[in-house]
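Single-structure report; data block below.
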Number of protein chains: 2
Amino acid sequence: MIITLDFKSETPVYVQLRNAVVVAIGRGDLKDGEKLPTIRQLAQELGINAMTVNKAFAIMKKEGFITIDRRHGAMVTKPEGGNTEYREKLEQELTLVISEASLKGVGRKEFLDTCSGIFAMLAEGQRPVAE
Amino acid sequence: MIITLDFKSETPVYVQLRNAVVVAIGRGDLKDGEKLPTIRQLAQELGINAMTVNKAFAIMKKEGFITIDRRHGAMVTKPEGGNTEYREKLEQELTLVISEASLKGVGRKEFLDTCSGIFAMLAEGQRPVAE
DNA sequence: TTATTTGTATTATATATTATAATACAAATA
DNA sequence: TATTTGTATTATAATATATAATACAAATAA
């Protein structure tokens with residue numbers, strides 16, 4: 001698991017870590033069912049405190065991206081579908097992003113094409129195990 | 001200018017204010033060239049400290065969404081186009097949002113339709129002054 | 001002119017967030 | 001039994017956030 005942290009960033013380390021793992025799952029670098037390193041291992045690899053890793057893991061657990069049990073550690077999981085609460089949050093977030101974008105001169109077409117490109121990029125890593 | 005702040009939110013007040021103004025511009029509730037309230041006025045309206053408003057204004061000024069001079073106060077402005085730096089930031093942000101979305105069961109089509117809908121919603125408020 | 005208002009800056013203070021450190025514990029594993 | 005796991009607690013330090021009280025030059029309004 002290759003995760004790079006920017007300690008000069010204003011984004012908290014535990015958020016950076018959470019985001020990196022979510023994108024890694026999205027990209028297929030981490031497959032469904034795959035085990036994550038232990039909290040202490042990951043903390044050592046990244047050179048950060050175990051409690052910081054724990055915080056990121058606790059969030060992802062709550063969000064449904066991973067499951068944790070004491071026997072098998074953390075494991076990538078598909079979140080439950082039909083999440084209205086999430087969809088509302090997504091619409092709010094997109095309203096902000098799209099407002100910024102259109103003011104910055106990124107029009108509808110360019111924006112949608114960019115999104116399509118990202119979906120295509122992510123889909124490449126999501127093919128079954130046969131590669 | 002109707003802006004509601006959530007003091008229980010974990011999003012800092014100055015970020016909430018900045019986001020609200022950006023969306024208001026995006027929605028056309030604030031038109032290009034329109035004057036914003038003074039920092040002290042807005043602070044009083046919202047029941048927050050003037051320095052907090054100042055921080056939000058300073059950020060938007062830096063981002064190019066508003067211009068400020070001592071004579072006319074703050075004024076909505078169209079940012080300069082051709083911003084490669086912004087476009088890179090946008091792609092990164094969208095990669096995270098789309099990773100989350102697809103893991104939460106929001107597929108390409110639903111996502112793009114949602115974006116299209118938001119663009120359409122924003123465009124309604126962007127017609128010239130003739131209404 | 002004078003008085004007021006503007007954005008901006010500074011200093012101080014209080015609180016919250018972030019990150020680390022040092023432990024501790026029950027559950028599970030080897 | 002000894003070790004490792006996730007989890008929890010406490011303490012500490014640094015940073016971020018928000019408010020408060022001023023101050024100042026530039027511009028405006030009287």
Side-chain angles (χ1 to χ4, degrees), chain A residues 1 3-22 25 30 33-77 79 96, chain B residues 1 3-22 25 30 33-77 79 96:
Chain A
M1 175 132 60
I3 287 172
T4 50
L5 300 173
D6 178 5
F7 293 100
K8 295 168 205 150
S9 166
E10 60 193 28
T11 305
V13 172
Y14 76 91
V15 176
Q16 289 185 51
L17 176 55
R18 176 267 179 194
N19 289 350
V21 172
V22 171
I25 301 173
L30 290 171
E34 191 166 341
K35 278 181 63 177
L36 293 175
T38 67
I39 287 176
R40 289 176 176 85
Q41 269 177 15
L42 196 50
Q44 195 176 19
E45 274 181 42
L46 299 174
I48 60 178
N49 191 274
M51 287 299 98
T52 306
V53 177
N54 183 66
K55 191 165 184 180
F57 274 35
I59 290 172
M60 290 187 286
K61 178 184 174 183
K62 191 181 170 193
E63 292 176 321
F65 294 124
I66 61 175
T67 52
I68 305 178
D69 73 74
R70 213 176 290 273
R71 286 167 286 183
H72 307 103
M75 183 193 272
V76 176
T77 316
L96 175 59
Chain B
M1 174 131 60
I3 287 173
T4 50
L5 299 174
D6 177 7
F7 294 101
K8 294 168 203 149
S9 165
E10 59 193 29
T11 305
V13 172
Y14 76 92
V15 175
Q16 289 185 52
L17 175 55
R18 177 266 179 196
N19 290 349
V21 172
V22 170
I25 301 173
L30 292 171
E34 191 165 341
K35 279 180 63 178
L36 293 175
T38 67
I39 288 176
R40 287 177 176 86
Q41 270 177 15
L42 196 50
Q44 195 177 19
E45 275 181 42
L46 299 174
I48 60 178
N49 190 273
M51 288 297 97
T52 306
V53 177
N54 183 66
K55 191 165 184 180
F57 273 34
I59 290 172
M60 289 188 284
K61 178 183 174 183
K62 191 180 170 195
E63 293 176 321
F65 294 124
I66 62 176
T67 53
I68 305 177
D69 73 75
R70 213 174 289 272
R71 285 166 289 182
H72 307 102
M75 181 192 273
V76 175
T77 316
L96 175 59

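Chain identifiers are assigned alphabetically (A, B, ...) following the order of the sequence lines, protein sequences preceding nucleic acid strands; residue numbering begins at 1 within each chain.
- Computed from coordinates, the L17(B) CG to dT17(D) P distance equals 14 Å when rounded to whole Å.
- Take E63(B) and apply the side chain to side chain donor-acceptor pair (under 3.5 Å) test, not counting sequence neighbours, and it matches R18(B).
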>> One character per nucleotide, please: for nucleotides 15-27 of chain C, 5' to 3', B when the base has a protein heavy atom closer than 4.0 Å, S when only the sugar-phosphate does, - otherwise.
In response: ---SSBB--B-BB
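- H72(A) has its NE2 atom 7 Å from the P atom of dT29(C), to the nearest Å.
- Counting to the nearest Å, the P atom of dA9(C) and the CG atom of N54(B) are 8 Å from each other.
- By the side-chain contact (heavy atoms from CB on, under 4.5 Å) test, T52(B) pairs with V13(B), Y14(B), I48(B), N49(B), sequence neighbours left out.
- By the side chain to side chain donor-acceptor pair (under 3.5 Å) test, T38(A) is found to be paired with no residue, residues two or more places apart in sequence or in another chain being considered.
- Atoms NZ (K35(A)) and C1' (dG6(D)) sit 13 Å apart, rounded to a whole Å.
- For residues 3-16 of chain A, no pair satisfies salt bridge (Lys or Arg N to Asp or Glu O under 4.0 Å), with sequence neighbours left out.
- Nucleotide dT7(D) holds its C1' atom 16 Å from the CZ atom of R71(A), rounded to whole Å.
- Applying the salt bridge (Lys or Arg N to Asp or Glu O under 4.0 Å) test to every pair with at least one member in residues 37-61 of chain A, sequence neighbours left out, gives no pairs at all.
- Under the salt bridge (Lys or Arg N to Asp or Glu O under 4.0 Å) criterion, the residue pairs touching residues 66-77 of chain A are D69(A)-R71(A), with sequence neighbours excluded.
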>> Dot-bracket for DNA chain C, please. Rules: Watson-Crick or G-U, both distances under 3.5 Å, ( ) within the strand, [ ] when a pair crosses earlier ones, | for another strand, . otherwise.
In response: ||||||||||||||||||||||||||||||
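- In this structure, the side-chain contact (heavy atoms from CB on, under 4.5 Å) partners of A43(A), at least two apart in sequence or on a different chain, are A50(A), V53(A).
- Rounded to whole Å, atom P of dT5(C) lies 20 Å from atom CG of L36(B).
- F57(A) is listed as a side-chain neighbour of I68(A), based on a closest heavy-atom distance under 4.5 Å.
- In this structure, K61(B) places its NZ atom 8 Å from C1' of dG7(C), rounding to the nearest Å.
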